[in-house]
Structures are given as C-alpha cells and as structure tokens.
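Report on the structure given below.
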Amino acid sequence: MAVSFDHRAIEKKWREKWEQNPININDGKKPKYYCLDMFPYPSGNGLHVGHWRGYVISDAWSRYKLMQGHYVIHPMGWDAFGLPAENYAIKNGVHPAISTASNVKNIKKQIQDIAAIYDWDMEVNTTDPEFFKWTQWIFVKMFKEGLAYEKEFPINWCPSCKTGLANEEVVNGRCERCGAEVTKKNLRQWMLKITKYADRLLEDLDTLDWPEKVKKMQTDWIGKSYGAEVDFGIEGRDEKITVYTTRPDTLYGATFMVLSPEHELAKSLATDETREAVENYIYEASMKSNVDRMQAKEKTGVFTGTYAINPINDQKVPIWLSDYVLADYGTGAIMCVPAHDDRDFEFAKKFGLPIVQVIAKDGVEIDPLEEAYTNAEGLVINSGEWNGMESSVLKKEAPDMIEKAGKGRRTVNYKLRDWVFSRQRYWGEPIPIIHCPHCGNVPVPEEELPLLLPEVESYQPTGTGESPLAAIDEWVNCKCPVCGADAKRETNTMPQWAGSSWYFLRYVDNHNDQELVSKEKADQYLPVDMYIGGVEHAVLHLLYSRFYTKFLYDIGAVGFEEPFHKLFNQGMITGKNGIKMSKSKGNVVSPDDLVNNYGCDSLRMYELFVGPPELDAEWDDRGIDGVNRFLRRFWTLATDSVEKNVPASKAMIKERHKLTYDVTTRLEAFSLNTVISAFMEHNNALMDIAKKEGGIDIETIEVFARLLAPFAPHIAEEVWERCGHDETIFHSEWPSYDEKLMADDSIEIPVQINGKTRAVINVAKDIDKDSAIAAGREAVSDRLAGTVVKEIYVPGKIINIVVK
RNA sequence: GCCGGCAUGUCGGAAUUGGCAGACGAGACAGACUCAAAAUCUGUUAUCCGCAAGGGUGUGUGGGUUCGAGUCCCACUGCCGGCACCA
C-alpha cells in the first residue's frame with residue numbers, strides 16, 4: 001500500500017531532470033531578482049554544516065522569488081587569491097594556482113550537494129586572468145583619477161604574514177587573519193583614497209535595507225565628528241600649532257597642550273634644558289607597538305620647555321608631548337581641558353598641571369573636582385564673555401565665533417583612514433604600475449591588461465617590504481610605456497579584498513573582454529537585491545564594496561551607487577558550547593554524511609530549523625531526526641492521499657489556507673525556523689484529519705508541496721509529479737490564502753477574574769460585547785465574589801472581570 | 001572605559017498591536033507492535049501542593065505603569081558583539 005520513501009533515488013532523479021531542464025529561466029519578461037551569497041574562499045578543508053546554512057537560506061529565498069515569478073540571478077564564484085594557498089605553496093612547493101583549482105573542484109562538488117539553483121554559467125574566479133584583468137583595470141582608473149597614490153609612512157605590519165595591513169584588518173592590535181601582534185613599519189605603500197568618499201559612504205547608509213547593527217558599525221568606523229580647529233601661537237616664535245577639538249566651548253579651560261611625539265614640531269620645541277628628555281621620549285614612543293600603546297596603564301609624557309598662547313585669553317599654556325595623542329587623527333595636537341576630559345585630567349594630575357572648570361556641574365562650580373566632569377553640559381563659567389551661556393548653545397556657536405576672530409575655523413574629522421592597498425606577498429593581483437626614472441609612476445596601458453603573475457622559484461615572503469616578485473629580474477625590468485626608458489615594475493600585489501570589492505558586478509557578464517560589465521546587462525540585472533553572508537565583513541568587504549561601486553558610478557561604469565540593496569547576516573553554526581568549528585578543535589561537522597544518510601532535503605530543513613537565522617546556533621546532529629521524521633510523515637500522507645483521492649472537506653480547506661498564511665507571512669518576515677515549525681504543526685493537523693476522513697484532498701497536498709518546494713525541493717517536486725503534473729513545481733504559482741476560509745466559526749475566549757484566567761468559553765466569532773461579557777460571567781459565576789468594578793472585552797481576545 | 005544586543009522548561013526555541021507563556025522540535029518516561037532490538041505508532045513531560053477535581057508559583061534580579069506585562073518604563077546583574085586614548 002504505502003509507497004516507500006527513498007530519498008537517494010528521488011534526489012538523484014530530480015537532480016538529473018533539473019540539469020536537463022533548468023527551472024530558473026530568463027524569458028526577458030519576468031522581473032529580475034538578484035540574490036547573492038558572499039562567495040567562499042576555496043579552502044582545502046572543504047565545507048562544514050555552518051557554510052551550508054547561508055547557502056540554504058539564500059537558496060530557499062531564491063526559489064521563493066522564482067515561484068513568485070522572478071528571473072532569479074543566483075550565482076556562485078571563488079574568492080581564490082589569498083594567503084592559505086600561498087602558505088601551502090611555501091610548504092609544499094605546489095603552485096597556488098594548482099592547489100586552488102583542486103580546492104575549487106572539491107568545494108564545488110560539495111556545494112552542488114545543496115541542490116541550490118546556482119547558475120554555473122555565471123561562475124567567476126578572482127584568480128582567473130579574465131577576471132583580474134578588470135580588478136587591475138579599476139586600479140588603473142583609480143590611479144588616473146588620483147585615488148590610488150604612493151606614500152611612505154609607518155603602517156601596520158604583520159610580522160607573521162610579513163605584509164602590510166589595512167586599518168580594517170587590525171583587530172585589537174592583532175592581525176585579523178593570523179592573530180599575531182601588529183607592529184609599525186615604515187614602508188612605501190600604495191594607498192586608496194577611500195576618505196574622499198567618507199561623507200557619501202556615511203550618508204548613503206540611510207538608503208540601505210541593512211541590519212541596523214551593521215550600519216552602526218560602518219557609521220562608527222567612518223567616525224565623523226564636528227568641531228573646530230584652533231590656532232595657538234608659540235611663545236617667542238612665529239609658528240602656530242593647530243589643534244582639533246569637538247568642544248570649542250571649553251576653550252577657556254585649555255590649560256596645557258599635548259602633541260603626539262610624531263608631530264612635526266615635536267623635536268624643535270625642545271629647549272636646551274629639555275632637549276635630551278624630549279629626544280629620549282620621542283625615541284621610546286617610536287619603539288612601542290600598537291599593543292603596548294593600547295595597554296599603557298599610566299600616562300607618560302615630557303614637557304618641551306616651550307609655551308603656547310591660548311588665543312581666547314592670551315594665557316601661556318605649557319606644551320607637552322605624550323603618546324596618548326594620535327599622530328594621524330585631527331592635527332596630531334590637542335588642547336587639554338583637564339576639568340572636562342578623563343585623559344587630560346589624568347595627565348594634569350600626574351604632572352601637576354592646572355585644572356580650570358568651565359562648565360558648572362548641576363549648576364555649581366566644584367572646587368576641586370574629584371574627577372573630570374566629562375560630556376559636560378550646563379552653564380558656562382570662568383570663560384570671560386562666554387560666561388552664563390548654555391554649553392550646548394555655545395558648542396554650536398563657538399566655531400563661528402572663533403573663525404570670525406581669526407583664531408581658527410569650523411571643521412569636521414573622520415576616523416576613517418585611507419586604505420593601505422599593497423601587500424608584500426605573491427598570490428595576489430600584481431599592481432599594474434611601472435616606475436620610470438623619467439616619468440615617475442606610469443600605469444600599465446589598459447590594452448596590456450591583464451598583467452599576469454610570473455612564475456617564481458620561491459613564494460617565501462621576503463619580509464623586507466618587497467614581494468617575492470622583486471626577485472624576478474626579467475619580470476621587474478621593463479620599458480616605460482610612455483618614454484621607452486628602462487623602468488621597473490611595481491612588485492607589490494593587491495589585498496584579497498580587491499577582487500571581492502566588485503565581483504558581484506561581473507557574474508552577469510562574466511566573459512565580457514571589452515568591459516567590466518556591459519551597460520545593458522548592468523542596467524538590466526544589477527544591483528544586488530538580497531545579499532546573504534556572515535557579519536564578519538561589516539567594515540571590511542562591505543565597506544570596500546560600497547567604495548568601489550561609488551567609484552565605478554563616478555566614472556560611468558555602472559548606473560547605481562550602492563551595490564547591495566538588502567543585507568542579511570546569518571548567524572554562525574558552532575560546535576558544542578558555542579565553540580567555533582575548526583579543524584584544530586576537532587569539532588567540525590561535515591555535511592557529506594548527513595546528506596548521504598538523511599538526504600539533502602532533510603539537511604536543508606534542519607539548517608533552517610536549528611534556530612533563528614540571524615543568531616548563532618549550536619549544532620546538534622540529533623535534531624535532524626525531527627525534520628527527517630516530518631518529511632517522511634508528509635511523504636506518507638501525500639502518497640496515501642493521492643491514492644485515495646478523497647474530496648476536500650471544510651477542515652482540509654481551512655488547514656490549507658492556514659498553512660499558506662503561516663508559511664508566507666513567516667517567510668516574508670525571514671523567520672525561517674518558524675516556517676519549518678508551521679509545516680510540522682499543520683502536517684500534524686492534516687494527519688489527524690486524514691485519520692478521521694480517510695485521506696486529504698489532492699489540492700491541499702499540492703498546496704503543501706508548493707509551499708514546501710523552496711525548502712525541500714526534491715520531495716516537493718516528486719509529490720507534485722505524483723499529483724499528476726508534467727511541469728516542474730517551480731513553474732507553478734506561489735499559493736495564496738483567503739483569511740475568510742482560515743477562520744473558525746466559533747472562537748475560544750479566555751475569561752479572567754482580576755487578570756487570572758478562570759474559564760475558557762466557546763462563542764460565535766462575531767459575538768457582540770454584551771453577549772460575550774454575559775457568557776463570560778455565566779462561565780465563572782460560581783467564582784464571582786464581591787462587587788464587579790469593571791468588565792473588559794477585547795473582541796476575539798479576552799474577557800477580564802475586575803472584582804473588588 | 002564608551003556604544004549596541006540578548007536573558008523563557010532538561011536542551012534548541014515559539015508567543016502580530018501588551019491579551020490563555022512554553023507552539024514546533026530534541027531528549028526523557030510510559031504503552032502498542034516485536035522472540036528481541038531498531039524503526040514506527042499512541043500518550044505524558046515548567047514547577048509545587050493534592051488520589052482527584054482543583055489550586056499556588058513561574059519568562060535573569062528589584063521596583064513601577066496597567067483591568068492585564070515575557071512584551072512598556074526605571075534601576076541592577078550576567079553573557080555576547082563592536083570600538084578602543086579619535087580629543
């Protein structure tokens with residue numbers, strides 16, 4: 001009687017059919033929907049169940065959009081430049097291109113197990129010359145626009161990876177990739193002027209449908225602040241020192257000044273008496289690492305012996321040096337208001353410097369202040385003509401007052417720094433620049449791109465700040481494309497972010513050798529409607545991609561400014577006790593056996609059922625039994641019902657509409673775990689009905705299958721076929737629901753006395769207030785003691801009788 | 001230190017606008033089937049008192065608003081994430 005459920009046979013059958021007759025077809029009429037996964041690095045370790053999660057989420061969403069009548073762009077590719085392949089090459093002598101290709105092959109096979117509707121004709125690989133030709137082309141364009149420039153300065157240097165790092169790649173003073181302590185190294189670097197886009201990157205966040213958390217992280221990273229620059233004269237000298245402050249309203253309280261030890265005037269401010277101490281201090285500061293500087297328990301500093309003049313009151317204020325002042329933020333010099341800043345307060349206490357309170361705390365001046373009154377707001381005091389003002393008002397007006405008096409100017413500052421873009425490693429895109437002794441830096445002519453990586457004997461990073469490419473004379477030595485003189489190639493390569501900053505533009509036109517992407521295709525298919533990936537790229541990849549897209553918009557290569565309209569960050573799948581899955585921890589769960597034992601559909605369902613998609617979830621293999629049981633019960637119910645072919649009953653129709661409502665609304669809310677719950681709950685209800693009525697009508701089974709199709713595509717397709725359909729379920733419409741058919745004739749209403757439920761009454765759904773209350777009183781009559789003060793009836797929800 | 005988020009049974013989690021807390025699943029326990037086990041099916045499963053009917057308590061802690069609070073407000077505790085001397 002019962003048709004046995006053989007997931008292997010069913011999945012194999014449909015995989016082959018979909019291969020022959022793809023279900024996601026572009027007929028040129030359907031609206032497009034671009035659903036993108038963050039493309040993976042093809043690691044030699046393969047995929048674990050955590051990688052699956054994001055891909056299942058995006059595929060279920062893509063299939064839903066497909067059934068809603070969209071042509072879905074759902075591509076996959078490989079972010080294949082980067083250190084692991086290179087480190088593998090160093091260890092084993094295998095060219096990164098070879099190990100990468102074999103990793104891509106393995107992971108592609110694993111990804112195909114998910115049965116996602118990826119369009120493999122769109123596949124891209126960042127290490128493919130056909131692709132990185134355009135990565136280099138973008139760089140050349142940026143160079144021509146003045147956005148890529150060379151600079152020598154002390155950059156973040158990872159001594160383990162032996163390469164420079166961008167600011168975004170330093171986490172708590174450590175290398176984002178390997179965790180080694182980051183040091184400073186003076187290096188000639190290629191930089192990208194991302195700071196030019198700071199305001200646009202900030203303002204356009206408002207236009208994005210992204211998690212607030214990610215927007216906030218980008219906002220904080222860009223770190224825009226408003227304030228003023230104030231020019232302080234130097235006693236006995238013509239020069240000025242300009243400071244940046246966000247609190248110009250506290251200028252009267254500036255009792256000393258501190259310069260970063262790297263400040264250009266630092267050394268020259270020393271007097272004969274202080275010279276030795278000042279030079280020692282500057283030297284010591286230069287030797288400190290980021291981590292040392294961050295973990296400093298106590299402030300250090302040295303008096304230069306020289307005084308500045310506070311322009312607001314002509315007071316002499318001593319100039320000190322201290323490494324708590326950052327050289328590369330603002331002007332590298334600050335005015336210190338110890339009464340209203342913790343750091344200045346600590347410094348003043350330690351070195352016995354004067355403290356002048358200029359904003360009254362709770363309306364009074366406190367003498368002496370026990371601690372700094374920070375983020376001060378209130379009445380301005382000890383401030384000459386400013387006395388009696390509200391600090392919040394003065395804060396807004398002071399910059400203009402200072403500017404009018406010729407003592408400074410209104411200004412803004414950003415925490416965002418330009419992007420250190422060169423890496424001293426082999427396995428990356430060569431930076432297409434030629435250094436000519438006559439012409440300076442000359443870009444490789446666009447028609448000569450891609451500039452390929454040469455073969456090397458040793459992939460070992462040199463550690464000197466040159467990449468391994470520098471050792472290959474025949475590659476390095478070239479002719480200047482402008483004047484023909486002997487010249488040398490740039491030997492640094494690009495960071496891994498270079499390819500990932502724009503790859504999503506390339507999928508839709510991946511073999512175009514004339515343009516990065518054709519205007520027609522870009523207009524037709526881009527930008528990305530839904531982007532799904534982990535939150536770890538909040539300020540790296542996602543910020544860089546926005547910057548690249550804005551640049552490409554500015555040069556007319558694309559017609560939109562923001563690459564990703566909607567962003568969804570899925571949570572991480574961890575091992576037991578929330579420990580991140582890793583080979584070294586030995587807690588990696590591979591999807592391969594699970595697919596084999598339970599089937600792709602079961603694993604897909606469980607990946608979604610494991611918890612809210614945006615939260616981390618601990619993996620527990622046992623849970624997959626639950627969804628597997630559900631699928632098998634549905635299978636049995638469906639195949640039995642097809643055989644019995646019973647007519648639809650009122651209960652079946654009601655259940656069908658309730659299911660459609662629950663699945664659709666929960667799916668729209670991206671509450672994917674509760675979508676799966678809805679399937680289980682309604683399947684249980686249908687099984688009960690089938691027990692009583694001998695089966696379920698075929699239309700209800702069909703609706704169930706259609707709703708299930710984005711999640712468990714194989715079983716849904718098989719059931720659909722058994723219901724008598726020749727064409728794929730994915731070309732059927734997404735079911736709609738009718739709220740009238742969902743509703744019960746009667747409803748249950750709890751009756752409370754003083755907020756405690758004492759009875760539940762069953763009444764007609766459109767009962768009026770008086771009848772409802774009467775029925776409620778009747779139901780709890782034996783408990784009604786005392787005087788009724790109030791009766792509350794919330795239609796269809798609750799009756800509450802308040803008794804005294 | 002600053003900024004954000006979270007806290008519900010044994011476990012993962014659910015609960016539209018404040019309206020029966022614990023849906024759905026895992027696990028456990030009991031029963032059916034079986035020589036037996038697995039699988040499957042049926043039932044029970046927040047906690048306390050009670051044979052039961054029934055009643056008390058209960059969403060990190062303490063308070064508040066409300067007829068009514070997991071949900072709103074105030075204070076606190078714990079965990080997670082971001083930034084980290086940004087003047």
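Values in this document were obtained by computation on a predicted structure and should not be read as measured data. Atom set for the values below is all heavy atoms of this structure, side chains included, hydrogens, waters and symmetry mates excluded. Proteins get letters first, then strands, A, B, ... in listed order; numbering begins at 1 in each.
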Sorted by position of nearest nucleotide on RNA chain B, 5' first, the leading residue of A:Asp342 and A:Arg629 is A:Asp342
OP1 or OP2 of B:C83 sitting under 4.0 Å from any side-chain N/O of A:Asn172?
no
Carboxylate-amine/guanidinium proximity below 4.0 Å for A:Lys769 and A:Glu791:
no
Protein-nucleotide distance (A:Glu169, atom CD; B:G82, atom P), rounded to Å:
16 Å
Among the candidates B:C85, B:G81, B:C83, find the nucleotide nearest to the side-chain atoms of A:Trp221.
B:C83
With the threshold set at 4.0 Å, does a side-chain nitrogen-carboxylate oxygen contact exist between A:Asp6 and A:Arg8?
no
Salt-bridge contact A:Asp199-A:Lys224 (side-chain N to carboxylate O under 4.0 Å):
yes
Measure the distance from CZ on A:Phe5 to C1' on B:A39 and round it to the nearest whole Å.
15 Å
With respect to the phosphate group of B:U40, does any side-chain polar atom (N or O) of A:Arg632 fall under 4.0 Å of OP1 or OP2?
yes
Verify the contact: side-chain N or O of A:Arg633 to OP1 or OP2 of B:C41, cut-off strictly under 4.0 Å; return yes or no.
yes
Mate of B:A7 where both pairing distances stay under 3.5 Å, Watson-Crick or G-U
B:U77
Which part of the nucleic acid does A:Val539 contact within heavy-atom distance under 4.0 Å: base, sugar-phosphate only, or nothing?
nothing
How is A:Gln752 classified with respect to the nucleic acid when contacts are heavy atoms under 4.0 Å: base, sugar-phosphate, or nothing?
base
Could you please name the partner base of B:C2, counting Watson-Crick and G-U wobble pairs only when both distances are under 3.5 Å?
B:G82
What is the glycosidic conformation of B:G9: syn, defined as within 90° of 0, or anti?
syn
From the set B:A87, B:G19, B:C67, return the single nucleotide nearest to any side-chain atom of A:Lys790.
B:C67
Decide yes or no for A:Thr636 and A:Phe5: does some side-chain heavy atom of the first lie under 4.5 Å from some side-chain heavy atom of the second?
no
To the side chain of A:Asn684, which of B:A87, B:G19, B:G25 is closest?
B:G25
May I ask you to decide whether A:Asp688 forms a salt bridge with A:Lys692, counting only side-chain N to carboxylate O separations under 4.0 Å?
no
Only pairs with both distances under 3.5 Å count, Watson-Crick or wobble alike; so what is the partner of B:U47 in this structure?
B:G56
Across the strands shown, which category fits A:Lys691 at heavy-atom distances under 4.0 angstrom: base, sugar-phosphate, nothing?
sugar-phosphate
With sugar-phosphate meaning primed atoms plus P, OP1 and OP2, does A:Asp220 contact a base, only sugar-phosphate, or nothing at under 4.0 Å between heavy atoms?
nothing
Listed nucleotide nearest any side-chain atom of A:Val794, set B:A87, B:G19, B:A84:
B:G19
